[in-house]
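Reminder, nothing fancy here: chain letters follow the sequence lines and each chain counts from 1.
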2 protein chains.
Amino acid sequence: MFGRTYFCGEVPESAVGEKVILKGWVQKRRDLGGLIFIDLRDRSGIVQVVFNPDVSREALETAEKIRSEYVLDVEGTVIAREPGTVNENLKTGRIEIQAEKVTIINEAKTPPFTISDKTDASEDVRLKYRYLDFRRPVIFETLKMRHQVTKHIRNFLDEEGFLDIETPILTKSTPEGARDYLVPSRVHPGEFYALPQSPQLFKQLLMVGGIERYYQIARCFRDEDLRADRQPEFTQIDIETSFMSQDDIIQLMERMMSKLMKEVKGIDIPTPFPRMSYDEAMSRFGSDKPDTRFGLELVDVSEIVKESGFKVFASAVSNGGQVKAINVKGSAEKYSRKDIDSLTEYVSRYGAKGLAWLKMEAEGLKGPIAKFFSEEEAKAIQETLEAKEGDLLLFVADKKSVVADALGALRLKLGKELNLIDQNLFHFLWITDWPLLEYDEEEGRYYAAHHPFTMPVREDLAYLDTDPSKVRAQAYDLVLNGYELGGGSLRIFERDIQEKMFKVLGFTLEEAHEQFGFLLNAFEYGTPPHGGIALGLDRLVMLLTGSTNLRDTIAFPKTASASDLMIAAPSPVSEAQLQELNLLTNVNK
Amino acid sequence: MFGRTYFCGEVPESAVGEKVILKGWVQKRRDLGGLIFIDLRDRSGIVQVVFNPDVSREALETAEKIRSEYVLDVEGTVIAREPGTVNENLKTGRIEIQAEKVTIINEAKTPPFTISDKTDASEDVRLKYRYLDFRRPVIFETLKMRHQVTKHIRNFLDEEGFLDIETPILTKSTPEGARDYLVPSRVHPGEFYALPQSPQLFKQLLMVGGIERYYQIARCFRDEDLRADRQPEFTQIDIETSFMSQDDIIQLMERMMSKLMKEVKGIDIPTPFPRMSYDEAMSRFGSDKPDTRFGLELVDVSEIVKESGFKVFASAVSNGGQVKAINVKGSAEKYSRKDIDSLTEYVSRYGAKGLAWLKMEAEGLKGPIAKFFSEEEAKAIQETLEAKEGDLLLFVADKKSVVADALGALRLKLGKELNLIDQNLFHFLWITDWPLLEYDEEEGRYYAAHHPFTMPVREDLAYLDTDPSKVRAQAYDLVLNGYELGGGSLRIFERDIQEKMFKVLGFTLEEAHEQFGFLLNAFEYGTPPHGGIALGLDRLVMLLTGSTNLRDTIAFPKTASASDLMIAAPSPVSEAQLQELNLLTNVNK
């Protein structure tokens, strides 16, 4: 125990009568009837210390100087509390420490906020004084959860024969994907390292090298503007395997996650996890990462309304679009016209030009658009949406992607508003059968939906030449409670397929070789079939702690505003440093 | 086992008769009497596969196309080898696989070097084809050792209540120490992140925050030129604790290292490890990281020779210097005049102006300088150096630091040359009682011997104002077999002492606050006493694997020459990228 007898929060009742030494911080001091009571806190919790002039006048006199957050060394005897003063809410509430000696190790100014789970301090203040924020049990427990999550994952993967291998942080810049952070090289003027967006290429080279099972808790970087749900540096659980099928990898991850859930949350998650194709997820939930903890699914009514008198619906369908609806069960009364107007404003952010609605009353469907539908159409809508009296039906008619985005977002909003989500549930879900490529209409070219190294479904390979949008990927995303935990795929391991993929993405053969020649060459020396996955650690910890703030899961997060915590922020450097890096002049010339 | 029945090197003798599926690479193919034999390799080892036309003509025909490093899927039956063909050197040498079906998963060009532990390939070629290098068992075992070392250390620290906490890679530049890698910020033009040289300040803030026990396997960066024993990015086992004494930390580390040695090497290392003061180490070994696996200690003969007729010795002493010697036992015959000339050249690299020598013969000390010593002086030299017939005595006379450097280096050279070092020994050693500061005569200022956050010995505090060179540090280095594994210290945790330290280092109060204000402020909010250590993981793995090449311990090391492995090297970037980073013009203006 290194100089202390117990951690404060762990002094057991059985220690009554024992002489102890404790170290910690002053949570609170109360003076009462000539005695001084101090709640002494360390990371394990709190214990009460009593200063009694009959025991030690000197200790009492020192205690008089003590303020909140002072650091103390306390020597004393564990005594049982008087029956009336027992605190059943405190783990150590049946005992207290009768102080015989106290040393003030360090003093403290009054902290800018109280050290307790509940705080009214703004996040900026909390982050400026992050070292005080750490003392709040809720933040300590979050960091501890992060430690435990990585520990259990490491142990699981170690048992499965995975090797933890560090890949470089100073790497070569590759043009695909988000912006790279660049690091000027002093030794090679005019050249730059890039910080990795993921260890993708390194782990593939490890597979070429016969490592077979690799993992890393890997730091990754994206030079993007700060957003609430993103950090420019983030951590992923990065895994790659050889000779495994998609099912093998999915099953391995299911065992890993269900074991983790049992170990850190005590929750049994049955395996296999449900699987859903990308198309089904988009169709039923308007999202490629659906939160399946509640209903409010999207229902296609295009066929029913395509010839209706409501022109908005009919023309949406005839223009190749869709009409879909959500049945908000039993909510007809809850949503006034004004409420629905605000929902309409909400879906407009996702490109929807309107939000049509109907309410199911005893006599049937009512609402401004009801008159446009024939009796048959109204009946079909009712049946398809399983509408019962009191239900509210919300419709969006637009092109497919807008319908999905708008109703997908509306569904989540309603789920929260109506308290339909059981926060104790953990719904894991695989999304499979992804498209390999996405067509960017503005740029008139294809982009890789996952990344350029994803293996196409073998039987779709021929479409790469004729209709690339038809090619499916051997890719799988793991979704938890509506968040994308991460994604993986089998990788291309044959040079000719990889070259064809680069060609579809608009590379000339020369460009492909200039940038990825080392990989294409490596593929010629006996590359095994391989695949893997990467899971976001920050987000996983956030979901496991029930937090909604990604920054709480990171010890020293970046923020746009709390720049006083200077150590995690950029700063000016000296002209001499810039000169040495050749950054004061055009380095390219 | 995911699609295979066994790993190749682990097919047990008990599997005879079993149908198996194996995957792996072709190590070797031999055609013999109508049969084809293939050594199939994966990371676990090798198994022999036999293709027999009587079993499957189709498999044999496929086998005829097989070359080294092809990737195969083999189905067959495990059979016992004929008694005469058993290979006792191979774990699977009593069995072989009778192939019924074989699939060539991928082909391979002829590799530029053979996949075996012994290789005549240059390191440049090995690194250019690092993915083939990984297939050599010796490299795989090194990466596996690295995995095991971190695993055992993590488990040990977890059991001791340490939390694994990630600190940022994108941090603020601090001016002390080696050169920082700088990362231009796109969001804050003209400002830069720095990559951390160590998580020092972060871990101290974690201690201010009451985390009490922190560790991290932390990536660190120094923008230094490439050297054989250094990498610009390296990994340290980074540890920080609160409320622990120097002895507590040392004992914790001793338990960690001896447990590790037992687990990964099966060697019992007794604790406590020996401790030696910095002064003693410099005096006896001429080094602050002595290799104590052999003798050849430095012996001071200044007192004996200070009035001798040998002016070189006498004047060295009268000028405040020293005369020290090494007794190279029984080596008088081994070293000719020419050999000693080459040793003289060697010590001159360390600033020594000469290397005097004497040989102990039956009649006494002989050699060109023997005549300068009186009989008494000669006798005293003999006795002090415990010289016996056949010994060679080597002397350096110079100022103290040159004597230490020159004889310290000479001692190591002789130890290797004379094979005095038992490579099976692991000598751990603590070096303690370091000076806090080093005076740089050229710059006329003090530098921190460890870093500016090291706690002075309390009773020496007063010297900070009067004679800073006298102040000792509460610091400790861990040495293994002559390598510095790492160093640690107790840290300053009081604002006034830290401010005084910055002042001694030449900071104005304003400069100190501009750069380290967040730390000085943090110290005012109840900072506990704290201290820690950082150990070099790359070097530890190097020593545990018996390698002398640091790069072999790193999956993707940086090299000056093997730039074909482009993914770990800097490269030019586009003008557009530079423009966006404001690097094409003077960013400071």
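Residue B/Tyr215 touches chain A through its side chain alone, counting heavy-atom pairs closer than 4.5 Å. Heavy atoms of B/Ser245 lying under 4.5 Å from chain A are absent altogether. Only the backbone of B/Thr110 comes within less than 4.5 Å of a heavy atom in chain A; its side chain stays farther off. Contacts between A/Leu195 and chain B at a heavy-atom distance below 4.5 Å involve the side chain alone, from C-beta outward. With a threshold of 4.5 angstrom between heavy atoms, B/Ile21 does not approach chain A through any atom at all. The parts of A/Arg43 that come within reach of chain B are both its backbone and its side chain, each placing non-hydrogen atoms under 4.5 angstrom from that chain. A/Ile105 touches chain B through backbone and side chain together, each having a heavy atom under 4.5 Å away. With a 4.5 angstrom heavy-atom cutoff, A/Glu160 touches chain B only via side-chain atoms. The contact between A/Lys109 and chain B is made by backbone and side chain atoms together, counting heavy-atom distances below 4.5 Å. In this structure, the portion of A/Thr150 lying under 4.5 Å from any heavy atom of chain B is its side chain and not its backbone. Interface remark: A/Phe523 contributes backbone atoms only to the contact with chain B (heavy atom separation under 4.5 Å). For A/Glu166, the parts lying near chain B are the backbone and the side chain together; criterion is any non-hydrogen pair under 4.5 Å. Residue A/Asp133: no heavy atom, backbone or side chain, is found under 4.5 Å from chain B. Interface remark: A/Gln204 contributes no atoms to any contact with chain B (heavy atom separation under 4.5 Å). The part of B/Ile165 that comes within reach of chain A is its side chain, from C-beta onward, which places non-hydrogen atoms under 4.5 angstrom from that chain. In this structure, the portions of A/Phe243 lying under 4.5 Å from any heavy atom of chain B include both its backbone and its side chain. In this structure, chain A has a heavy atom under 4.5 Å from the side chain of B/Phe221, while its backbone stays farther away. Heavy atoms of B/Asp73 lying under 4.5 Å from chain A are absent altogether.
In terms of heavy-atom pairs under 4.5 Å with chain B, the best-connected choice from A/Asp248, A/Val71, A/Ile211 is A/Asp248. Looking only at heavy-atom pairs under 4.5 Å with chain A, the residue among B/Asp42, B/Ile249, B/Asp247 that has the most is B/Asp42. Ranked by heavy-atom pairs under 4.5 Å with chain B, the list A/Gly161, A/Pro196, A/Gly24, A/Pro232 is led by A/Gly161. Comparing B/Glu107, B/Arg67, B/Arg219, B/Glu494 by heavy-atom pairs within less than 4.5 Å of chain A, the highest count is held by B/Arg219. With chain A as the partner, the residue from B/Ser68, B/Ala108, B/Pro111 showing the most heavy-atom pairs under 4.5 Å is B/Ala108.
Note on A/Arg41 versus A/Glu69: salt bridge recorded, some NZ/NE/NH1/NH2 to OD/OE distance being below 4.0 Å. Using a 4.0 Å cut-off between charged nitrogen and carboxylate oxygen, A/Asp164 and A/Arg154 count as a salt-bridge pair. Using a 4.0 Å cut-off between charged nitrogen and carboxylate oxygen, A/Lys23 and B/Glu212 do not count as a salt-bridge pair.
For the pair A/Lys172/A/Leu201, no side-chain contact is recorded, criterion being any heavy-atom separation below 4.5 Å from C-beta on. By the 4.5 Å heavy-atom criterion applied to side chains, A/Lys558 and B/Tyr193 are counted as neighbours. A 4.5 Å side-chain heavy-atom check between B/Ile554 and B/Thr235 finds every atom pair outside the cut-off. Counting heavy atoms from C-beta outward, A/Val208 and B/Arg135 have side chains that approach closer than 4.5 Å. With contacts defined as side-chain heavy-atom distances shorter than 4.5 Å, the pair B/Pro199/B/Cys220 qualifies. Between A/His530 and A/Lys203, every side-chain heavy-atom pair lies at or beyond the 4.5 Å cut-off.
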After noting the C-alpha distance and the side-chain angles of B/Asp223 and B/Asp180, does the key distance pass the side chain to side chain contact (heavy atoms under 4.5 Å, CB included) rule? CA-CA 6 Å; B/Asp223 189 4; B/Asp180 285 328; over 6 Å; no

Tell me, with the steps shown, if A/Tyr181 and B/Ile169 meet side chain to side chain contact (heavy atoms under 4.5 Å, CB included). CA-CA 12 Å; A/Tyr181 279 107; B/Ile169 298 288; over 6 Å; no

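In A/Lys144, the NZ atom is not crowded: 12 or fewer heavy atoms of neighbouring residues, nucleotides or ligands sit closer than 6.0 Å.
Using cut-offs of 30° and 60° on the angle between ring planes, the pair B/Tyr525 and A/Tyr131 is tilted.
The ring-ring contact (aromatic ring centres under 6.0 Å, His included) with B/Phe134 is formed by just one residue from the set B/Phe556, B/Trp25, B/Tyr129; it is B/Phe556.
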